[in-house]
Amino acid sequence: TPGAQIQVTFKATELDPGLSDSGPFTVDLEPGFFTKRNYTVQVPDAFKGKTALIEFKFANLEGQTRVSFNEFDLPFVNDPTALISQLYFLDDIRFAKGIEATLTNPVEENATATLDLTFEAADPTQPTNITIDWRDGSPIETHALGAGVTTASYTHQYLDDDPTGTPEDTKAVIVSADNVIGGASVIVETVIRNKAPELLTLTANTTPVLEGHDVTIDVTYSDIGSADTFTLVVDWGDGSAPVEYANLPATSGGVQSFTKTAQYRDDDPTGTPEDTYTIKAWIRDDDTGLSNEKTTTVTIRNADPQITAMTLTPTTLDEGDSVSLTVSYSDFGIDDVHTLIIEWGDGVTETIGTPIDPSGNGTLTLSHVMLDDDPTGTSGDTVTVKVRLEDDDTGFDEETRDITVANVEPVITTAFTTATIDEGMTAELQVTIDDPGLADTFDVEVDWGDGIVEQFTVGAGIVLSTF
(Lines give C-alpha, C1' and ligand atoms only; values in the text may rest on other atoms or scores of the structure.)
Protein backbone atom coordinates (compact mmCIF):
# COMPACT_ATOMS: atom_id res chain seq x y z
CA THR A 1 0.00 0.00 0.00
CA PRO A 2 1.57 3.34 -0.93
CA GLY A 3 2.47 5.35 2.17
CA ALA A 4 2.60 2.28 4.45
CA GLN A 5 4.95 2.61 7.40
CA ILE A 6 6.39 0.69 10.33
CA GLN A 7 7.02 2.57 13.58
CA VAL A 8 9.53 0.90 15.90
CA THR A 9 9.80 1.92 19.57
CA PHE A 10 12.22 0.57 22.17
CA LYS A 11 10.47 0.49 25.54
CA ALA A 12 12.10 0.36 28.96
CA THR A 13 11.22 -2.31 31.55
CA GLU A 14 11.59 -2.60 35.31
CA LEU A 15 14.60 -4.82 34.80
CA ASP A 16 16.60 -1.75 33.70
CA PRO A 17 14.99 1.12 35.57
CA GLY A 18 17.50 3.66 34.27
CA LEU A 19 16.19 3.43 30.69
CA SER A 20 13.56 5.61 29.04
CA ASP A 21 11.44 4.75 26.03
CA SER A 22 13.02 5.69 22.73
CA GLY A 23 11.17 7.81 20.25
CA PRO A 24 9.55 5.83 17.43
CA PHE A 25 11.71 5.08 14.42
CA THR A 26 9.62 5.36 11.25
CA VAL A 27 10.36 3.18 8.27
CA ASP A 28 8.66 3.87 4.94
CA LEU A 29 7.61 0.66 3.21
CA GLU A 30 7.91 0.33 -0.55
CA PRO A 31 5.04 -1.35 -2.42
CA GLY A 32 5.83 -4.64 -4.12
CA PHE A 33 4.33 -7.89 -5.31
CA PHE A 34 6.34 -10.98 -4.51
CA THR A 35 9.37 -8.79 -3.98
CA LYS A 36 11.70 -8.75 -1.01
CA ARG A 37 12.78 -5.54 0.72
CA ASN A 38 15.19 -5.18 3.60
CA TYR A 39 14.77 -2.41 6.16
CA THR A 40 17.09 -1.71 9.02
CA VAL A 41 16.47 -0.06 12.37
CA GLN A 42 19.49 0.68 14.53
CA VAL A 43 19.24 -0.26 18.21
CA PRO A 44 19.84 2.89 20.29
CA ASP A 45 23.10 2.81 22.20
CA ALA A 46 21.29 3.16 25.52
CA PHE A 47 19.48 -0.12 24.90
CA LYS A 48 22.48 -2.20 23.83
CA GLY A 49 23.06 -5.00 26.28
CA LYS A 50 19.84 -4.12 28.12
CA THR A 51 16.43 -5.74 28.48
CA ALA A 52 13.69 -3.98 26.60
CA LEU A 53 10.43 -4.42 24.78
CA ILE A 54 10.28 -3.64 21.05
CA GLU A 55 6.96 -2.28 19.86
CA PHE A 56 5.97 -2.39 16.19
CA LYS A 57 3.12 -0.28 14.91
CA PHE A 58 1.98 -0.47 11.31
CA ALA A 59 0.42 2.59 9.73
CA ASN A 60 -1.47 3.16 6.50
CA LEU A 61 -1.88 -0.54 5.68
CA GLU A 62 -5.00 -1.25 3.68
CA GLY A 63 -6.90 -4.41 2.84
CA GLN A 64 -5.74 -7.73 4.24
CA THR A 65 -2.04 -6.90 4.40
CA ARG A 66 -0.05 -8.21 7.29
CA VAL A 67 3.49 -8.66 8.55
CA SER A 68 5.03 -12.01 9.47
CA PHE A 69 7.85 -12.64 11.94
CA ASN A 70 8.62 -16.02 10.38
CA GLU A 71 10.37 -16.36 7.02
CA PHE A 72 8.75 -19.75 6.53
CA ASP A 73 5.19 -18.37 6.63
CA LEU A 74 5.01 -17.79 2.89
CA PRO A 75 4.22 -21.38 1.76
CA PHE A 76 1.30 -21.54 4.20
CA VAL A 77 -0.39 -18.26 3.35
CA ASN A 78 -3.65 -18.80 1.45
CA ASP A 79 -3.44 -15.32 -0.06
CA PRO A 80 0.21 -14.49 -0.82
CA THR A 81 -0.72 -10.89 -1.56
CA ALA A 82 -1.62 -10.48 2.09
CA LEU A 83 1.99 -11.05 3.12
CA ILE A 84 3.80 -7.77 2.41
CA SER A 85 6.97 -8.22 4.39
CA GLN A 86 8.99 -10.25 6.85
CA LEU A 87 11.07 -9.11 9.78
CA TYR A 88 14.48 -10.51 10.69
CA PHE A 89 16.31 -9.70 13.90
CA LEU A 90 20.02 -9.42 14.23
CA ASP A 91 22.05 -11.51 16.67
CA ASP A 92 22.57 -8.71 19.11
CA ILE A 93 18.84 -8.73 20.02
CA ARG A 94 17.63 -11.65 22.17
CA PHE A 95 13.93 -12.46 22.12
CA ALA A 96 12.06 -14.63 24.67
CA LYS A 97 8.45 -15.63 25.03
CA GLY A 98 8.40 -14.26 28.57
CA ILE A 99 7.19 -16.33 31.50
CA GLU A 100 5.19 -19.39 30.41
CA ALA A 101 2.74 -21.22 32.68
CA THR A 102 0.70 -24.40 32.60
CA LEU A 103 -1.93 -25.30 35.22
CA THR A 104 -3.85 -28.49 35.97
CA ASN A 105 -7.19 -28.24 34.21
CA PRO A 106 -9.86 -29.14 35.26
CA VAL A 107 -9.63 -29.52 39.03
CA GLU A 108 -12.28 -30.89 41.39
CA GLU A 109 -13.08 -28.78 44.43
CA ASN A 110 -10.82 -29.49 47.40
CA ALA A 111 -8.25 -31.03 45.03
CA THR A 112 -4.75 -29.71 44.29
CA ALA A 113 -3.73 -27.92 41.11
CA THR A 114 -0.11 -27.86 39.92
CA LEU A 115 1.32 -24.70 38.35
CA ASP A 116 4.48 -25.19 36.23
CA LEU A 117 6.54 -22.14 35.19
CA THR A 118 9.36 -21.69 32.67
CA PHE A 119 11.15 -18.48 31.71
CA GLU A 120 14.49 -17.04 30.56
CA ALA A 121 16.27 -14.92 33.10
CA ALA A 122 17.28 -11.45 31.98
CA ASP A 123 20.31 -11.66 34.24
CA PRO A 124 21.21 -15.27 35.07
CA THR A 125 23.43 -14.08 37.92
CA GLN A 126 20.49 -12.55 39.83
CA PRO A 127 17.58 -14.22 41.70
CA THR A 128 14.05 -14.12 40.36
CA ASN A 129 10.97 -13.31 42.46
CA ILE A 130 7.68 -14.99 41.54
CA THR A 131 4.27 -13.65 42.64
CA ILE A 132 1.15 -15.85 42.32
CA ASP A 133 -2.46 -14.77 42.81
CA TRP A 134 -4.58 -17.94 42.80
CA ARG A 135 -7.75 -15.81 42.54
CA ASP A 136 -9.75 -17.75 45.13
CA GLY A 137 -9.44 -15.34 48.03
CA SER A 138 -6.31 -16.95 49.43
CA PRO A 139 -3.30 -14.73 50.21
CA ILE A 140 -1.03 -13.78 47.32
CA GLU A 141 2.10 -15.96 47.35
CA THR A 142 5.64 -14.73 46.80
CA HIS A 143 8.49 -17.13 46.01
CA ALA A 144 12.20 -16.37 45.55
CA LEU A 145 14.18 -18.42 43.03
CA GLY A 146 17.93 -18.62 43.08
CA ALA A 147 20.17 -17.20 40.38
CA GLY A 148 20.12 -19.26 37.22
CA VAL A 149 16.83 -21.05 38.07
CA THR A 150 14.46 -20.88 35.09
CA THR A 151 11.72 -23.40 36.05
CA ALA A 152 9.47 -23.72 39.05
CA SER A 153 6.46 -25.75 40.14
CA TYR A 154 3.86 -24.87 42.78
CA THR A 155 0.70 -26.53 44.09
CA HIS A 156 -2.50 -25.05 45.45
CA GLN A 157 -5.64 -26.57 46.93
CA TYR A 158 -8.95 -25.14 45.66
CA LEU A 159 -11.42 -25.64 48.49
CA ASP A 160 -14.50 -24.65 46.53
CA ASP A 161 -15.71 -23.70 43.06
CA ASP A 162 -16.61 -20.21 44.13
CA PRO A 163 -18.93 -18.32 43.52
CA THR A 164 -21.89 -20.22 44.93
CA GLY A 165 -24.68 -21.56 42.73
CA THR A 166 -22.66 -22.88 39.79
CA PRO A 167 -21.53 -26.41 38.95
CA GLU A 168 -18.09 -25.15 37.92
CA ASP A 169 -16.15 -21.90 37.80
CA THR A 170 -13.10 -20.63 35.94
CA LYS A 171 -10.17 -19.30 37.93
CA ALA A 172 -7.67 -17.01 36.15
CA VAL A 173 -4.38 -17.38 38.00
CA ILE A 174 -2.08 -14.35 37.66
CA VAL A 175 1.68 -14.98 37.74
CA SER A 176 4.26 -12.23 37.61
CA ALA A 177 8.04 -12.24 37.89
CA ASP A 178 11.01 -9.94 37.79
CA ASN A 179 14.32 -10.67 36.03
CA VAL A 180 12.51 -12.24 33.05
CA ILE A 181 13.12 -11.56 29.37
CA GLY A 182 9.87 -10.80 27.56
CA GLY A 183 6.47 -10.65 29.24
CA ALA A 184 6.89 -10.44 33.00
CA SER A 185 3.37 -11.65 33.77
CA VAL A 186 1.03 -14.33 32.52
CA ILE A 187 -2.55 -15.39 33.14
CA VAL A 188 -3.41 -19.07 33.07
CA GLU A 189 -6.90 -20.48 33.62
CA THR A 190 -8.32 -23.63 35.14
CA VAL A 191 -11.86 -24.87 35.73
CA ILE A 192 -12.82 -25.80 39.30
CA ARG A 193 -15.62 -28.34 39.26
CA ASN A 194 -18.09 -28.94 42.05
CA LYS A 195 -18.33 -32.45 43.44
CA ALA A 196 -21.79 -33.58 44.53
CA PRO A 197 -22.22 -34.62 48.19
CA GLU A 198 -22.88 -38.23 49.12
CA LEU A 199 -25.68 -39.28 51.46
CA LEU A 200 -24.25 -42.24 53.35
CA THR A 201 -27.01 -43.41 55.72
CA LEU A 202 -30.63 -42.67 56.57
CA THR A 203 -32.27 -44.33 59.60
CA ALA A 204 -35.56 -43.79 61.44
CA ASN A 205 -37.35 -45.15 64.51
CA THR A 206 -37.32 -48.94 64.47
CA THR A 207 -40.38 -49.31 66.73
CA PRO A 208 -43.89 -48.08 65.86
CA VAL A 209 -44.59 -44.45 66.70
CA LEU A 210 -47.98 -43.23 67.87
CA GLU A 211 -49.69 -40.72 65.63
CA GLY A 212 -49.24 -37.19 66.90
CA HIS A 213 -45.73 -38.00 68.07
CA ASP A 214 -42.35 -37.20 66.54
CA VAL A 215 -40.41 -39.46 64.22
CA THR A 216 -36.63 -39.02 64.36
CA ILE A 217 -34.33 -39.56 61.41
CA ASP A 218 -30.54 -39.65 61.48
CA VAL A 219 -28.45 -39.02 58.37
CA THR A 220 -24.73 -39.13 57.66
CA TYR A 221 -23.13 -37.52 54.64
CA SER A 222 -19.82 -36.47 53.15
CA ASP A 223 -18.47 -34.11 50.49
CA ILE A 224 -14.92 -33.39 49.39
CA GLY A 225 -15.95 -29.73 49.08
CA SER A 226 -14.96 -28.73 52.59
CA ALA A 227 -16.16 -25.15 52.04
CA ASP A 228 -19.58 -26.14 50.67
CA THR A 229 -22.80 -25.52 52.56
CA PHE A 230 -25.60 -28.07 52.54
CA THR A 231 -29.37 -28.43 52.58
CA LEU A 232 -31.11 -31.65 53.60
CA VAL A 233 -34.35 -32.36 51.73
CA VAL A 234 -36.78 -34.85 53.32
CA ASP A 235 -39.97 -36.27 51.89
CA TRP A 236 -41.63 -37.62 55.02
CA GLY A 237 -44.05 -39.72 52.96
CA ASP A 238 -47.18 -38.29 54.60
CA GLY A 239 -48.42 -36.46 51.51
CA SER A 240 -46.97 -33.10 52.47
CA ALA A 241 -44.39 -31.30 50.35
CA PRO A 242 -40.71 -32.17 50.91
CA VAL A 243 -39.14 -30.14 53.70
CA GLU A 244 -35.75 -28.41 53.37
CA TYR A 245 -33.40 -28.12 56.35
CA ALA A 246 -30.50 -25.70 55.89
CA ASN A 247 -27.35 -24.98 57.89
CA LEU A 248 -26.08 -28.53 58.03
CA PRO A 249 -22.56 -28.98 59.44
CA ALA A 250 -19.73 -28.44 56.95
CA THR A 251 -17.75 -31.50 55.90
CA SER A 252 -14.35 -29.99 56.62
CA GLY A 253 -14.19 -32.36 59.60
CA GLY A 254 -14.99 -35.41 57.49
CA VAL A 255 -18.24 -37.40 57.62
CA GLN A 256 -21.01 -35.43 59.31
CA SER A 257 -24.31 -36.43 60.92
CA PHE A 258 -27.61 -34.64 61.30
CA THR A 259 -30.81 -35.42 63.23
CA LYS A 260 -34.29 -34.14 62.39
CA THR A 261 -37.78 -34.80 63.72
CA ALA A 262 -41.27 -34.47 62.27
CA GLN A 263 -44.73 -35.07 63.70
CA TYR A 264 -47.10 -37.48 61.99
CA ARG A 265 -50.62 -36.17 62.60
CA ASP A 266 -52.40 -39.32 61.47
CA ASP A 267 -51.82 -42.93 60.44
CA ASP A 268 -53.15 -42.57 56.95
CA PRO A 269 -55.02 -44.18 55.15
CA THR A 270 -58.23 -44.27 57.17
CA GLY A 271 -59.59 -47.47 58.68
CA THR A 272 -56.33 -49.11 59.74
CA PRO A 273 -54.80 -49.44 63.21
CA GLU A 274 -51.31 -48.64 61.83
CA ASP A 275 -49.60 -47.74 58.55
CA THR A 276 -46.08 -47.79 57.10
CA TYR A 277 -44.57 -44.67 55.59
CA THR A 278 -41.57 -44.45 53.25
CA ILE A 279 -39.21 -41.59 54.03
CA LYS A 280 -36.92 -40.28 51.28
CA ALA A 281 -33.97 -37.94 51.76
CA TRP A 282 -31.22 -36.35 49.71
CA ILE A 283 -28.68 -33.55 50.18
CA ARG A 284 -28.00 -30.53 47.96
CA ASP A 285 -24.87 -28.39 48.18
CA ASP A 286 -24.62 -24.68 47.40
CA ASP A 287 -23.20 -25.34 43.93
CA THR A 288 -26.15 -27.32 42.46
CA GLY A 289 -24.64 -30.66 43.46
CA LEU A 290 -27.29 -33.25 44.33
CA SER A 291 -26.53 -36.38 46.29
CA ASN A 292 -27.89 -39.86 45.89
CA GLU A 293 -31.28 -40.60 47.44
CA LYS A 294 -31.76 -42.78 50.51
CA THR A 295 -35.02 -44.30 51.79
CA THR A 296 -36.22 -45.84 55.02
CA THR A 297 -39.58 -46.76 56.54
CA VAL A 298 -41.40 -45.99 59.77
CA THR A 299 -44.61 -47.44 61.22
CA ILE A 300 -47.19 -44.99 62.56
CA ARG A 301 -49.69 -46.55 64.94
CA ASN A 302 -53.15 -45.15 65.60
CA ALA A 303 -53.68 -43.70 69.06
CA ASP A 304 -57.03 -44.45 70.68
CA PRO A 305 -59.08 -41.35 71.49
CA GLN A 306 -59.60 -40.69 75.19
CA ILE A 307 -62.71 -39.50 77.03
CA THR A 308 -61.12 -37.27 79.63
CA ALA A 309 -64.30 -36.15 81.43
CA MET A 310 -68.01 -36.99 81.41
CA THR A 311 -70.71 -35.28 83.51
CA LEU A 312 -74.50 -35.54 83.66
CA THR A 313 -76.62 -32.77 85.19
CA PRO A 314 -78.82 -33.33 87.11
CA THR A 315 -78.11 -36.82 88.37
CA THR A 316 -81.65 -37.24 89.75
CA LEU A 317 -84.69 -36.23 87.72
CA ASP A 318 -88.23 -37.14 86.77
CA GLU A 319 -89.09 -38.85 83.56
CA GLY A 320 -89.80 -36.23 80.91
CA ASP A 321 -87.18 -33.88 82.31
CA SER A 322 -84.00 -32.94 80.44
CA VAL A 323 -80.53 -34.08 81.37
CA SER A 324 -77.38 -32.27 80.17
CA LEU A 325 -74.35 -34.30 79.10
CA THR A 326 -70.87 -32.76 78.79
CA VAL A 327 -68.05 -34.85 77.32
CA SER A 328 -64.42 -33.76 77.06
CA TYR A 329 -62.05 -35.82 74.94
CA SER A 330 -58.63 -35.84 73.32
CA ASP A 331 -56.66 -37.66 70.63
CA PHE A 332 -53.01 -37.51 69.56
CA GLY A 333 -54.26 -38.03 65.99
CA ILE A 334 -55.39 -34.49 65.36
CA ASP A 335 -56.32 -35.31 61.76
CA ASP A 336 -58.57 -38.20 62.80
CA VAL A 337 -62.32 -37.99 62.24
CA HIS A 338 -64.25 -38.62 65.47
CA THR A 339 -67.76 -39.86 66.18
CA LEU A 340 -69.60 -39.77 69.52
CA ILE A 341 -72.27 -42.42 70.15
CA ILE A 342 -74.56 -41.84 73.18
CA GLU A 343 -76.90 -44.51 74.54
CA TRP A 344 -79.16 -42.52 76.83
CA GLY A 345 -80.52 -45.58 78.65
CA ASP A 346 -84.14 -44.87 77.77
CA GLY A 347 -84.02 -46.68 74.42
CA VAL A 348 -82.66 -43.70 72.48
CA THR A 349 -79.22 -43.82 70.78
CA GLU A 350 -77.70 -40.69 69.27
CA THR A 351 -74.68 -40.48 66.91
CA ILE A 352 -72.95 -37.20 66.11
CA GLY A 353 -69.63 -36.02 64.69
CA THR A 354 -67.28 -34.41 67.17
CA PRO A 355 -64.74 -31.75 66.22
CA ILE A 356 -61.25 -31.63 67.64
CA ASP A 357 -59.05 -28.55 67.93
CA PRO A 358 -55.41 -28.23 66.73
CA SER A 359 -54.18 -29.17 70.20
CA GLY A 360 -56.01 -32.50 69.98
CA ASN A 361 -58.82 -31.65 72.43
CA GLY A 362 -62.56 -31.20 72.22
CA THR A 363 -65.64 -30.66 74.38
CA LEU A 364 -69.27 -31.32 73.52
CA THR A 365 -72.47 -30.56 75.49
CA LEU A 366 -75.84 -32.15 74.64
CA SER A 367 -79.31 -32.09 76.16
CA HIS A 368 -81.75 -35.01 76.19
CA VAL A 369 -85.31 -35.59 77.48
CA MET A 370 -85.51 -38.83 79.49
CA LEU A 371 -88.55 -40.57 78.05
CA ASP A 372 -89.04 -43.16 80.79
CA ASP A 373 -87.75 -44.65 83.96
CA ASP A 374 -86.82 -47.93 82.40
CA PRO A 375 -87.40 -50.80 83.13
CA THR A 376 -91.18 -50.98 83.31
CA GLY A 377 -93.07 -51.58 86.54
CA THR A 378 -90.99 -49.50 88.94
CA SER A 379 -91.51 -46.14 90.54
CA GLY A 380 -87.97 -45.08 89.66
CA ASP A 381 -84.84 -46.55 88.18
CA THR A 382 -81.12 -46.12 87.89
CA VAL A 383 -80.43 -45.42 84.23
CA THR A 384 -76.97 -45.93 82.75
CA VAL A 385 -75.87 -43.44 80.08
CA LYS A 386 -73.10 -44.87 77.89
CA VAL A 387 -70.79 -42.75 75.72
CA ARG A 388 -68.49 -44.25 73.07
CA LEU A 389 -65.92 -42.13 71.22
CA GLU A 390 -64.59 -43.60 67.97
CA ASP A 391 -61.92 -42.39 65.53
CA ASP A 392 -61.65 -43.31 61.85
CA ASP A 393 -58.80 -45.78 62.43
CA THR A 394 -60.57 -48.40 64.62
CA GLY A 395 -59.68 -46.64 67.88
CA PHE A 396 -62.29 -45.99 70.57
CA ASP A 397 -62.93 -45.23 74.24
CA GLU A 398 -66.06 -45.73 76.39
CA GLU A 399 -67.43 -44.21 79.59
CA THR A 400 -70.69 -44.68 81.54
CA ARG A 401 -72.49 -42.66 84.16
CA ASP A 402 -75.63 -43.42 86.18
CA ILE A 403 -78.58 -41.16 86.89
CA THR A 404 -81.81 -41.77 88.81
CA VAL A 405 -85.03 -41.28 86.89
CA ALA A 406 -88.29 -41.26 88.88
CA ASN A 407 -91.64 -42.24 87.45
CA VAL A 408 -94.32 -39.53 87.46
CA GLU A 409 -97.94 -40.46 88.20
CA PRO A 410 -100.22 -39.86 85.25
CA VAL A 411 -103.10 -37.40 85.56
CA ILE A 412 -106.35 -38.22 83.77
CA THR A 413 -109.42 -36.23 82.89
CA THR A 414 -112.65 -37.79 81.59
CA ALA A 415 -115.77 -36.58 79.81
CA PHE A 416 -118.75 -38.25 78.08
CA THR A 417 -119.38 -37.15 74.56
CA THR A 418 -123.13 -37.13 75.35
CA ALA A 419 -124.26 -36.26 78.83
CA THR A 420 -127.75 -37.93 78.51
CA ILE A 421 -128.62 -41.10 76.63
CA ASP A 422 -131.46 -43.59 76.61
CA GLU A 423 -131.02 -47.00 78.07
CA GLY A 424 -129.78 -49.46 75.55
CA MET A 425 -127.74 -46.84 73.82
CA THR A 426 -123.91 -46.66 73.82
CA ALA A 427 -122.06 -44.11 75.90
CA GLU A 428 -118.68 -42.76 74.77
CA LEU A 429 -116.14 -41.82 77.39
CA GLN A 430 -113.10 -39.69 76.42
CA VAL A 431 -110.09 -40.10 78.64
CA THR A 432 -107.15 -37.68 78.47
CA ILE A 433 -103.89 -38.91 80.00
CA ASP A 434 -101.26 -36.40 81.02
CA ASP A 435 -97.91 -38.08 81.77
CA PRO A 436 -94.38 -36.70 81.11
CA GLY A 437 -93.14 -40.26 80.69
CA LEU A 438 -93.47 -40.30 76.93
CA ALA A 439 -92.48 -43.94 76.76
CA ASP A 440 -94.95 -45.08 79.42
CA THR A 441 -97.85 -47.35 78.51
CA PHE A 442 -101.11 -47.31 80.49
CA ASP A 443 -103.71 -49.76 81.82
CA VAL A 444 -107.10 -47.98 82.02
CA GLU A 445 -109.93 -49.42 84.10
CA VAL A 446 -113.46 -48.08 83.49
CA ASP A 447 -116.26 -48.78 85.92
CA TRP A 448 -119.32 -47.87 83.85
CA GLY A 449 -121.56 -47.67 86.96
CA ASP A 450 -123.99 -50.26 85.66
CA GLY A 451 -122.12 -53.20 87.15
CA ILE A 452 -119.71 -53.51 84.21
CA VAL A 453 -115.98 -52.88 84.70
CA GLU A 454 -113.65 -52.95 81.67
CA GLN A 455 -109.87 -52.94 81.26
CA PHE A 456 -108.17 -51.07 78.38
CA THR A 457 -104.50 -50.69 77.36
CA VAL A 458 -103.23 -47.38 76.01
CA GLY A 459 -99.95 -47.30 74.17
CA ALA A 460 -97.10 -44.85 74.75
CA GLY A 461 -97.62 -41.38 73.39
CA ILE A 462 -101.41 -41.63 73.13
CA VAL A 463 -102.96 -38.72 75.02
CA LEU A 464 -106.70 -38.93 74.16
CA SER A 465 -108.60 -42.21 74.09
CA THR A 466 -112.31 -42.88 73.56
CA PHE A 467 -114.00 -45.89 75.17
Side-chain angles (χ1 to χ4, degrees), residues 202-217 233-245 260-281 295-313 322-370 383-403:
L202 170 65
T203 58
N205 303 64
T206 57
T207 57
V209 177
L210 281 179
E211 63 182 1
H213 289 70
D214 286 342
V215 170
T216 300
I217 61 170
V233 185
V234 181
D235 181 350
W236 292 97
D238 58 355
S240 61
V243 182
E244 296 188 355
Y245 304 98
K260 198 61 188 176
T261 61
Q263 184 187 78
Y264 282 78
R265 298 159 60 99
D266 190 16
D267 64 312
D268 197 59
T270 297
T272 56
E274 64 180 33
D275 296 284
T276 299
Y277 291 81
T278 298
I279 302 173
K280 301 176 183 178
T295 62
T296 188
T297 58
V298 64
T299 299
I300 306 300
R301 182 167 292 170
N302 181 59
D304 287 336
Q306 300 292 318
I307 298 175
T308 56
M310 173 182 173
T311 58
L312 289 165
T313 305
S322 293
V323 61
S324 177
L325 168 67
T326 299
V327 180
S328 296
Y329 49 89
S330 65
D331 195 337
F332 289 120
I334 57 178
D335 284 346
D336 282 350
V337 178
H338 296 87
T339 302
L340 198 64
I341 303 168
I342 307 105
E343 297 179 12
W344 290 103
D346 61 354
V348 176
T349 298
E350 191 172 357
T351 301
I352 59 174
T354 54
I356 196 168
D357 64 26
S359 66
N361 297 294
T363 299
L364 189 68
T365 298
L366 300 171
S367 182
H368 177 72
V369 175
M370 299 302 297
V383 176
T384 298
V385 178
K386 178 180 178 181
V387 173
R388 179 182 174 96
L389 178 64
E390 297 180 349
D391 66 19
D392 59 342
D393 290 314
T394 73
F396 69 92
D397 190 20
E398 293 180 340
E399 287 286 337
T400 59
R401 296 289 186 274
D402 291 336
I403 58 174

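- With sequence neighbours excluded, the residues forming a side chain to side chain contact (heavy atoms under 4.5 Å, CB included) with Ser367 are Ser322, listed by chain and number.
- Summarising the geometry of Arg401 relative to Met310, their closest heavy-atom pair is NE-O, 3.1 Å, with the distance given to 0.1 Å.
- Residues Asp391 and Ala303 come closest through the heavy atom pair OD2-O, 3.3 Å.
- Within the 4.5 Å cutoff, the side chain of Val385 has no heavy atoms near those of the His368 side chain.
- Note: His338 NE2 to Phe396 CZ = 13.5 Å, rounded to the nearest 0.5 Å.
- Listed by chain and residue number, nothing satisfies the side-chain hydrogen bond (donor to acceptor under 3.5 Å, both in side chains) test with Asp397 (two or more places apart in sequence, or in another chain).
- Going from atom CG of Leu210 over to atom OG1 of Thr207 covers 9.5 Å, rounded to the nearest 0.5 Å.
- Contacts classified as salt bridge (Lys or Arg N to Asp or Glu O under 4.0 Å) and involving residues 357-366 (residues at least two apart or in different chains) are not found.
- Side-chain contact between Thr261 and Thr216: present, with at least one pair of heavy atoms (C-beta onward) separated by less than 4.5 Å.
- The shortest non-hydrogen separation linking Ile279 to Leu202 is O-CD2, 3.9 Å.
- Using a 4.5 Å heavy-atom cutoff, the side chains of Tyr264 and Val209 are not in contact.
- Residues satisfying the side-chain hydrogen bond (donor to acceptor under 3.5 Å, both in side chains) test with Asp336, not counting sequence neighbours, are none.
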Next item on the list: Given side chain to side chain contact (heavy atoms under 4.5 Å, CB included), test Asp331 with Ile356 step by step and report yes or no.
Entry: CA-CA 8 Å; Asp331 195 337; Ile356 196 168; 3.8 Å; yes
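- Heavy atoms only, all atoms of each residue included: Tyr245 and Lys260 are closest at CE2-CE, 2.8 Å.
- One finds the OG1 atom of Thr311 at 7.0 Å from the CG atom of Leu325 (value rounded to the nearest 0.5 Å).
- For the residue pair Ile307 and Val327, the shortest heavy atom distance occurs at CG2-CG1, 3.9 Å.
- Rounded to the nearest 0.5 Å, atoms OG1 (Thr276) and CZ (Arg301) are 10.5 Å apart.
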Next item on the list: Decide yes or no on side chain to side chain contact (heavy atoms under 4.5 Å, CB included) for Val348 and Val369, but give the supporting numbers first.
Entry: CA-CA 10 Å; Val348 176; Val369 175; over 6 Å; no
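- The side chain to side chain contact (heavy atoms under 4.5 Å, CB included) test applied to Arg265 returns Gln263, Ile334, Asp335, not counting sequence neighbours.
- Side-chain N/O atoms of Thr365 and Thr326 include a donor and acceptor closer than 3.5 Å.
- Atom CD in Glu343 sits 10.5 Å away from atom OG1 in Thr384 (nearest 0.5 Å).
- One finds the CG atom of Leu389 at 6.0 Å from the CG atom of Leu340 (value rounded to the nearest 0.5 Å).
- When all heavy atoms of Asp393 and Gly271 are compared, the pair lying nearest together is OD1-N, 2.8 Å.
- For Pro273, the side chain to side chain contact (heavy atoms under 4.5 Å, CB included) partners two or more places apart in sequence, or in a different chain, are Thr394.
- Between Trp236 and Val298 the shortest side-chain heavy-atom distance does not fall below 4.5 Å.
- Here the side chains of Ser328 and Asn361 are not in contact, with every heavy-atom distance at 4.5 Å or above.
- Residue Phe332 places its CZ atom among 12 or fewer non-hydrogen atoms of other residues, nucleotides or ligands, all under 6.0 Å distant.
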